[in-house]
Each structure stands twice: as C-alpha cells, then as structure tokens.
There are 2 protein chains.
Amino acid sequence: MFDPACPSSAMPIRIGDKWTAMVVVCLEHGPRRFSEIRTPLRHVTPKVLTETLRALERDGMVTRTAYAEIPPRVEYELTPLGRSLLDLVDACRTWADKHLPALLEARSAAARNGGPDGG
Amino acid sequence: MFDPACPSSAMPIRIGDKWTAMVVVCLEHGPRRFSEIRTPLRHVTPKVLTETLRALERDGMVTRTAYAEIPPRVEYELTPLGRSLLDLVDACRTWADKHLPALLEARSAAARNGGPDGG
DNA sequence: CAGAATCCACATCGATACTG
DNA sequence: CAGTATCGATGTGGATTCTG
C-alpha cells in the first residue's frame, strides 16, 4: 500500500486525501512522530503531510501532542473516531484482494482494444 | 446521497470520481438509459457523466449497449465487478451512520476554536 | 526536528454550444 | 436521445526555500 508502484493508484476508492489512508495505517499501532510518519511515506512533502494531519485533527481523527523539548517532538495519535477509519481501510483491502485483479485485467484489455491508437 | 446539501461532501471516503458512487447506485436495480441516470443526478453535465461511464466501462464495471433505433437508445448495466462496488457503498453508508455525526461535531468545534479568525 | 511560505503543474469538474 | 468539442474555473499535490 505504501509502494507507489503497486496498483493502488487504480483503486476505485479513496479515503480522505491522497495520503490519509496511509497516515491512518501508520498510526494504527500507537502514537508516531512527524518523522516516523514521513519515513514510510517517502514521497510526501512536509507541507502535504502537515495538511493531511491538520485535516485529520480538525475532523477529530487524530490528536496532536507537542513536547517543549530541544529538539522538538510532536506526536500524533488516532482517536477512537480515527480508528474507525481502519474499518474502511479494511473494507478496501478486502475489496482489492477480491476484485482488483479483475479491474486491472479489464483495464488492460480495454487499453489493447479501444486504446491508444483506436483499433 | 443525491442531495448536494447533505453532508456527504464531508465524507472522508470517495468511490471513483465525483459521480461514480451515485451512478453505481443508480444502476443497482437494473439497466438504465443515459437520461435515466442523468435525471436523479440533476447537476451532472453530459460530458462529465459520459466520462464517468466510460471510465466505469474501461474498468469492467458497466456494460454499454447501444440500440440502432431512432431516437437512439443506450443502456448501461452493472457487471458483477461493478456490483462489487455496492459492497463498498454499503460500507460507506454503515460508517457514515455510525461516525459521520461525530466527525461533523468535531469539525464545527474546531471551526469555533481555531477557526476563521484564529484565536 | 517539525513546520511555514511561496509558487507552480496537473487533473477534475463544469458551462456552453454543436452534432448524428 | 445521446452524445462530442471547446474553454474556463477550481482545488489538490508537489518542489523549493526558509525558520525556531
């Protein structure tokens, strides 16, 4: 799911913004720091990750805890509401396991027929 | 779900493009004509609906059947793969019933606090 | 380390007008 | 009726740069 080469870009379903689902999964097993979220999501810029986290915070999905230390440390943690998104993530995974191959096959078949240069 | 005034715009989950989920629900109970899909989705332009249907067709979600009649008649119907999206639609509905009010409350609470004019 | 500010590329969505 | 063609508005995602 974290691999941009995986066919998840073909997924007909999306949770929140582009990185929301991955962030939620990252937080599944407990609080994580900003950098700890960034590491597995290697292609997300800090700006976008901040936006995603702020949106989740606004919607009561995560809590943000800043510690007054040097260097700074901030932890993000899923709320119960945020954990409820894991159910949706799971529903997506289940669907993908069962149906994504068929979608991919249909798509490439369509590309071969009515695709690039017509047919 | 078809009412633009409903809070579905706040839904943290989306199936396909903007109108995909609604189109799929429209086709739930059998084949429908282009116009029959447009009617309940009153704010969709023919261009966008065509794009949505073509995408669904490419992905093996719907079949398109054109009849050589005057006036023209075209019917769209869900494939088994397309019907599988209904499971996702249902998962979304279940989630919304249980958690959307909490999301909305958290969001408006955030708007009152750190909202428009900061604070 | 965690994040803010700025600018920009791109895709989606939509209004309008026209066609077989 | 069922589209197609063109143009414009908009929002999201990203690169880059800078700060406490």
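On a predicted model such as this, the values are computed, not experimentally measured, just so you know. To find a chain, count down the sequence lines: A is the first, B the second, and so on, and within it residues start at 1.
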Subject >> Atom pair distance, as rounded to whole Å: CD1 in A:Ile70 and C1' in D:dG20 >> reply: 8 Å
Subject >> Distance, rounded to the nearest Å, where A:Arg73 contributes CZ and C:dC1 contributes C1' >> reply: 11 Å
Original post:
How far does CE of B:Met22 sit from NE2 of B:His43, to the nearest 0.5 angstrom?
Top reply: 10.0 Å
Original post:
For B:Arg33 and D:dC1, is the shortest distance between a side-chain N/O and OP1 or OP2 below 4.0 Å?
Top reply: no
Subject >> Nucleotide-resolved protein contact map, nucleotides 4-19 of chain C, B/S/- at heavy-atom distance under 4.0 Å >> reply: SBB------BBB----
**OP:** Could you name each residue pair satisfying salt bridge (Lys or Arg N to Asp or Glu O under 4.0 Å) that touches residues 8-24 of chain A, not counting sequence neighbours?
**Re:** none
Subject >> Whole angstrom value for the distance that separates P of C:dA2 from CG of A:Leu53 >> reply: 11 Å
Original post:
Quick one: B:Glu75 CD to D:dG3 C1', roughly how many Å, whole number?
Top reply: 16 Å
Subject >> Contacts of type salt bridge (charged side-chain N to carboxylate O under 4.0 Å, His left out), residue A:Arg38, not counting sequence neighbours >> reply: none
Subject >> Nearest-0.5 Å distance that lies between atom CZ in A:Arg64 and atom OG1 in A:Thr50 >> reply: 9.0 Å
Subject >> Salt-bridge criterion met for B:Arg73 and B:Glu75 (N-O under 4.0 Å) >> reply: yes
Original post:
When we call it a touch if two heavy atoms are under 4.0 Å apart, what does B:Tyr76 touch: a base, just sugar-phosphate, or nothing?
Top reply: sugar-phosphate
**OP:** Would you mind telling me which of C:dC1, C:dA2, D:dC1 lies closest to the side-chain atoms of A:Ser35?
**Re:** C:dA2
Original post:
Base, sugar-phosphate, or nothing for A:Arg38, non-hydrogen atoms under 4.0 angstrom?
Top reply: nothing
Original post:
Take atom CD in A:Glu28; do more than 12 heavy atoms of anything else shown fall under 6.0 Å from it?
Top reply: yes
